[in-house]
Each structure stands twice: as C-alpha cells, then as structure tokens.
Protein chains: 2
Amino acid sequence: MSADAASGTAPRIGPARPRSRRARGAAGARRPVYDVASLLAVAVAEFNTRGYDATSMEDLSRAAGITKSSFYHHVSGKEELLRAALERSLDGLFAILDERHATSGRPVDRLRYIVRRQVEVLQAELPYVTLLLRVRGNTETERWALERRRSFDAAIAELVREAAGAGQVRADVDPAVAAKLLSGTVNSIVEWYRPGRPGADALPEDVVRTVFEGVLARD
Amino acid sequence: MSADAASGTAPRIGPARPRSRRARGAAGARRPVYDVASLLAVAVAEFNTRGYDATSMEDLSRAAGITKSSFYHHVSGKEELLRAALERSLDGLFAILDERHATSGRPVDRLRYIVRRQVEVLQAELPYVTLLLRVRGNTETERWALERRRSFDAAIAELVREAAGAGQVRADVDPAVAAKLLSGTVNSIVEWYRPGRPGADALPEDVVRTVFEGVLARD
DNA sequence: GTCTATATTTGGATAGAC
DNA sequence: GTCTATCCAAATATAGAC
C-alpha cells in the first residue's frame, strides 16, 4: 500500500536510482515505475514537511528523482495531487460514520466508537489526514475539502448534543464546545504521532479514555 | 491595544482612506499613521487567513491600503513581521510559567492553573498564537519559534509526569501521551474560537473541566 | 518517459521622484 | 511617507527532441 511511501521514509533517490524497468504479469501487463498513486505519496510527504504553498513543483520532482517536465507528464499540477490526497483522507473519515457501531446504540457509545475509529484512520492514513487538517481555503479544491470537513465535524457535534440530551455527557459544558474540544484533541494527534512507535496499538483506547474520563486519577 | 486590529475585523481600507494626518501631543510629538505594531496586526490577520507562505507582500500592502514600496518603508520584509508576531506569542505563553500559581503547589494544581491561563492568553492574543501554532520550520525564524514551542511543551510534559508520579494523574495512560493530548486540546481552540462570542469568559474553566474530568456525565 | 530549453507570471525587494 | 518604475529570482507550465 502506498501509505508506506507517504510516511517519513519517502524514497528519496537520486537521478541514477536503480529500478526494474517494468513488471510483466502473466498476461504481459506493464506497470509504469511511477503511477499517480506513488507520486501522490511522495508529494504528500513533501507537502507535510514544508507546507503545501511552500512546496514547489521543483521540490516535488526532485523528491521523486525526476525532472519537473517528467513530473508534469504524470500529473496536471500541484492541485490535482492535493485534491487526490484530500479525497482519500475524507473518504476514510466519512466511511467511519457508516459503520455498524457508529449508527446504532446509545449516542455516547456511538461517539466512543467513532473517536476510536477516527484515531485508527488517522494512524493508518497519517500523511493524508495531516494534509487535510492543514488546508487553509486558498483554492476551490481547498474550500471543497474544508466544506466536507465541516460536515464531518457537524455529524460529531450532533452526536455529542444527543448524548448530552440523554444525560450521558456532562451538562456543565456547552455540547458544542465539548464537541470542538473532542475533535480538536483527536486531530492534534497528527502533530506528534509517528507510526511504528511503541504504544501505537494502545493509542486509540488511550485517547478514548483520556477524552471521556479526563486525565485526573480516579479517587 | 493592537490585538483588536489583528482580529477578523482588520481595517481593510481603500487607497482613498480618510485619516488624520498626524496626532500632536502636548509636547508636539508626531505619531505616524502606521507604526510597525499596527502593520503587524494587519499582516498577522492576512497570514492567518491565507497562510504565511501563500501571503505575498503585495497582499499585505493591499490590506494595509498602501503600495508594496510604502510597506517596505516600514518593515524589512515578511520575515521581520513573522518574527515579531511569534515573539509576542511566545513571550505571552512563557510568562505563564513564571506566575505564582504555576511555580508552587501540588503538580496537578499547577497544571490546572497553567491550562486555564494558557486558554486565557490564547484568547487575548488569538491571532499571534494562531500564527505560532501553524509555523512549519522553513526559515531560521520558524525553526527558532518551533524550538521555543518545544521547550514550552516540554515544561508541561514534565509537570504531567510529576503529577502522575504523585498519583494525581491517571496511571493507565502514558504521561507523555497525556501531555500531548492536553496541549493539543488547548491549542486546537485557535481553530474555532472567535472573540466576543457568548461563553467566552467561561471557556478557560470549561476547558479545564473537560480536560481533567472528561466529557462523560458523572454517575 | 524522460530530458533540455524556454515562455510567462508572480513575488521579494530597491531606486529615485514627489 | 507614498508613489511609479524596475530588477531579479523563483515558480508554473509547455514545446519539442531523444
């Protein structure tokens, strides 16, 4: 899966990079060394390091080990890459809302499930989610992504409101504020989580416990 | 205070902007229409809207209602503005750590105090703190700011570790993880908080309660 | 598919008149 | 203090050879 290449360990390879020219299947099918997906992984890693706006096509092509012109042979420009990356990330997040445990049960239990899954998706799709969370809204693509994000957050907020109405969430904090703090906590993980660290498997549950029960020791 | 001008309501005024040519004090002192502080407020608002890298000097001068050349008469370039903004933000945050209630008492109580104050500083210095939290590390100035931020976060993490050692913070979550979630929650507020909203005064305590006791209703 | 060369635009920054 | 004019570098993107 290309998520691997999009991580910190992007294949930074010089111009003389060795490679198998092509891979032939049983039917003689040819697979190009670079498809859009693999260039996307390289590009997203660069975007996350420098920021989307500060990353030039020159930076991207250098990171891929080819010239700018060659890079343009594969993609129409920066924005196509951005759109593909944001789409992947948003699709992953929205899919959670359709899962079984997200659609039935007590509001607070559905909320707990969604938070756990959101952390899992964030871990699995880290570079793509990271990029999504840094979008500012300068282009049409970015505004489209912001709109979908708002819609996702609104679904969470509605669930918090329901849970509060059912007395399952504390009543002394505005549910809208609680929802924003909850989403903010989960999203902030992209700023420090790196895959392969010890404790990565425990993170989703750690986050659920911390968010729902707080950091204080029980007395 | 210029924090006001740096908010969403920046003085977007056209070329024919009316203004008093100068203000004379009792001693006949002259005050320029634009000093560095007021241009900084305008610039930071632009940086936060479009992102620092996506904001050109042309954008900044247009927002200030003067030409690029005139803008350069006041400041040496984008980076000077960035540095001044980040400095202001970092100074505000670090000052918290020297306050009385941050230096004495039980670790958990110091922590609670710092979180509350951090939210208050974030509210008071919103545009500046927002900019700080979005810095990527492309220039020397940005790396300097990231370094100071890391140092601030490390102070919080150490306090969480102490509180955990004293049994005041839950033991089933790694204190380092808890500290990152705590900082992430507070920092995420810049993404949605806007001054002058109802409930702004209650926010610091709402955040403290939510972070320390969780979102669940007490049974 | 990849390259070199180049067209075109934008951005940072300065010179010098008023 | 502000302006117009301009320089230079960098960025997006394309043309066309191999």
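Here is how names work: the chains are called A, B, and so on, in the same order as the sequence lines, proteins then strands, and each is numbered from 1.
Between B:Arg117 and B:Glu120 there is a salt bridge, since a side-chain N of the basic residue sits under 4.0 Å from a carboxylate O of the acidic one.
Within the structure, every side-chain polar atom (N or O) of B:His73 is placed at least 4.0 Å from both OP1 and OP2 of C:dT14. Between A:Thr67 and C:dT2 there is no side-chain polar atom (N or O) within less than 4.0 angstrom of OP1 or OP2.
Not counting sequence neighbours, the partners of B:Ala157 by the side-chain contact (heavy atoms from CB on, under 4.5 Å) test are B:Ala179. Take A:Asp174 and apply the salt bridge (Lys or Arg N to Asp or Glu O under 4.0 Å) test, not counting sequence neighbours, and it matches no residue. For B:Asp91, the side-chain contact (heavy atoms from CB on, under 4.5 Å) partners two or more places apart in sequence, or in a different chain, are B:Glu87, B:Arg148. Considering only residues two or more places apart in sequence or on other chains, A:Phe212 meets the ring pair (Phe, Tyr, Trp, His ring centres under 6.0 Å) condition with none of them. Partners of A:Phe47 according to the ring pair (Phe, Tyr, Trp, His ring centres under 6.0 Å) rule, which considers only residues two or more places apart in sequence or in another chain, are A:Tyr52. The side-chain contact (heavy atoms from CB on, under 4.5 Å) test applied to A:Ala84 returns A:Leu40, not counting sequence neighbours. Qualifying ring pair (Phe, Tyr, Trp, His ring centres under 6.0 Å) partners for B:His73, counting only residues two or more places apart in sequence or in other chains: none.
In this entry the distance linking CZ of A:Phe71 with P of D:dA15 reads 19 Å, nearest Å. The distance between atom CZ of A:Arg50 and atom P of D:dA10, rounded to the nearest whole Å, is 14 Å. Distance A:Tyr72 OH to D:dA11 P: 11 Å, rounded to the nearest Å. At whole-Å resolution of the value, NE2 in A:His74 and C1' in D:dT14 are 16 Å apart. Between the C1' atom of C:dA13 and the CG atom of B:Leu60 lies a distance of 14 Å, rounded to the nearest Å. Taking atom CG of residue B:Asp53 and atom C1' of nucleotide D:dA10, one finds them 14 Å apart after rounding to whole Å.
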What does the list of N/O pairs under 3.5 Å between the protein and nucleotides 7-11 of chain C look like, with a distance for each?
none

Show the distances under 3.5 angstrom between N or O atoms of the protein and N or O atoms of nucleotides 16-18 of chain C.
none

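End-to-end axis angle for the helix from C:dG1-D:dC18 to C:dC18-D:dG1, using five pairs per end and rounding to 10°, comes out at 0°.
For the salt bridge (charged side-chain N to carboxylate O under 4.0 Å, His left out) condition, the pairs that include at least one residue of residues 138-147 of chain A, sequence neighbours left out, are A:Glu140-A:Arg143, A:Glu147-A:Arg150.
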N/O donor to acceptor pairs below 3.5 angstrom from side-chain atoms of residues 189-205 of chain B, sequence neighbours left out:
unit_1	atom_1	unit_2	atom_2	d
B:Glu191	OE1	B:Arg134	NH2	3.3
B:Arg194	NH1	B:Val190	O	3.3
B:Glu205	OE2	B:Arg116	NE	3.2

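B:His101 and B:Tyr113 have tilted rings, their planes meeting at an angle from 30° to 60° on a 0 to 90° scale.
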